[in-house]
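Right, one structure below, let's go through it.
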Amino acid sequence: VRRLGITAKLALSSAITLLALGAAMSVFSISQLRSLLYGQLLRHAEAEAVNWIEANLFQITVTRDPSVLSRSVAELKRQRGFAYVRLVDGQGSTIAGDAPVFSEEGAPAQVPELASRLRTVRTIDGRRFFDLATPVRASGALNPELGGMFEVAGAQSSDVLHVGVDQDEIYTALAALVPKTLLFYGALVFAALTISVLLARRIASPLTEMAEVANRIAGGRLDARVRKGAALRDEVGQLARNFNEMAERLAELHAGLEKKVHERTAELERANSRLRELDELKSQFLSTVSHELRTPLTSIKAFAEILLDSPIDDATRRHFLGIIDKESDRLTRLIAELLDLSRIDRGGQVRWRMARIDLVSTIKQALAPLYSHTRVGNIHLRFNPPPPLPVVADADRIQQVITNLVGNAIKYTPPGGRIEVAAVVVDGKVRVSVADTGPGMSQEVCAHVFDRFYRASGDTSSGLGLGLTIAREIVIHHKGDIWVESEPGAGSTFFFTLPLAAEAAITTTDAKESAGM
Amino acid sequence: MPKKVLVCDDELHILEAVSFIVRQEGYELITAQDGDEALRAARAESPDLVLLDVMMPKKTGFEVCRELKSGSGPHPYIILLTAMGQERDMEEGYRCGADEYMTKPFGPRNLRKRLHDLLDT
């Protein structure tokens, strides 16, 4: 029973109740019917018996002619369809009529409204009768012969009239009624069952729907909702609406969670790809570092061994030693550059010597040693100095920024090209620019040019590609910005800004005007 | 008639050192400073051996090596001289058909020995 659906359970319980009720009603009505039939039959028989006694009272009590009485008794038996009729006296001797021999006699039965004594008897051959014994009462009777009322001694009469009513006949009559009754109640029960099943289905259907929806939600379809059930106004409807609300909440939570997971995953992916990029850059950098360090070392090693192994004249020896010296310097510079980067890398550990300085003279100092490099390629390096621009900065570091930017420009500017350095005040900040007439860069290269270890593909120039990274770190530390504007074939202009020192607000306007000229 | 050796490196000091060793060993010397120049010189002069740097402007040593070893006719011996000392670079060098692969910094004694091993047999 536990495995049955709710509809089946409801229907089954109604069915059991209805069937029990139907059976009880059938049994009850049949037994009622039987009592009714018995009562009617027996009352009828008694009335016949009493009528006969009254009609023959004179004959019984006075005349007592056996042959007349026998005829009358036989007449009664025949006319009324009794099984037998028999008149006996006080001693039990038969006065008239006859009766079968009884094999057993039942106890007297009580039927209401019946004055006669009633017994159930059975004959030897198994037939059953009601034996109705009606005593002959001495009451007034009409004497047809005397034509008037008379008193008879019947009051003292002990005669009894026995009439036999065949029980089997009643049973036959009853038996004919049973199928009809059963059919009637059966039809009734069937109709009630049908109605109850329909009702059960109607009651259970929102619950079934809810179960189905819950199942779907459990299966991951979070948009499933109870539709029909939610429209009901009863407790089930309330339950369905609460259920829907719960599902809504669940879907929202799930969506939020999903979104969060997506976001996190994307974040992680970004971080991961950034790490991979960094890793790639790092190994590229290591390979570059190794290459760049090995190159001067190769010259040093080669010439040292040549000098050791071969007898060489003085001039050549001096020339070779000069090369070893120069390459050693180059190695030293490379190592210094590397150390610079690693110091800036560790951020906090760098000692910044911040002081109020004049940026214009810092630029001049930075440019001074660079002019010699420009002569080789006949490059015009120009700086038109504006009035002093006070900033709070580490002079050495800012000088390094300028050296790196201008050094780069010199490296990439073809012979005969120009490099223009300028410093102006824009929005309360000093903006330094280094413009060259070099080959320029694509957008893609511009986007990465400040990245650590980055070298544009196809760039075979020497150097570690750290100059711009170092410059950026320094400028950022000074709360400035650094960027580049460039187009392939149109040269590049690098910019960086530094905040002006606060107290110098008045002089900056002058600087701005003169810079604008 | 002395054997011809082509030396190619964009680093002038290294070029000078290698050239000095080649000349000291009595070979005829040709020099180049980038990949294209090396190919031109090799075609013009048909050297017996080429000493190639890998990281060069215009064409890398690997490319030059591949081209020199792919044509018909007698191929020159090729020694790759490079500061790229990782194993995969070495494998790449041999895949390009190089006969020797020397990592910078190299010892001139070692270089002399290789030159003789390849040219004097």
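Small disclaimer: the values here were computed from a predicted structure and weren't measured. Numbered from 1 within each chain, the chains take letters A, B, ... in sequence-line order.
- Distance check: A:T413 OG1 to A:I419 CD1 gives 4.0 Å after rounding to the nearest 0.5 Å.
- Applying the side-chain hydrogen bond (donor to acceptor under 3.5 Å, both in side chains) rule to pairs touching residues 363-372 of chain A yields nothing, sequence neighbours excluded.
- For B:E16, the parts lying under 4.5 angstrom from a heavy atom of chain A are both the backbone and the side chain.
- By the side-chain contact (heavy atoms from CB on, under 4.5 Å) test, B:A32 pairs with B:L6, B:C8, B:E37, B:A38, sequence neighbours left out.
- Side-chain atoms of A:T298 come within 3.5 Å of backbone N or O of A:R294 as a donor-acceptor pair.
- For A:L321, the side-chain contact (heavy atoms from CB on, under 4.5 Å) criterion is met by A:L307, A:R317, A:I324, not counting sequence neighbours.
- Proximity to chain A at a heavy-atom threshold of 4.5 Å picks out nothing from residues 60-67 of chain B.
- Residues B:D34 and B:R40 are not paired through a salt bridge, judged by the lack of any N-O separation under 4.0 Å between the basic side chain and the carboxylate.
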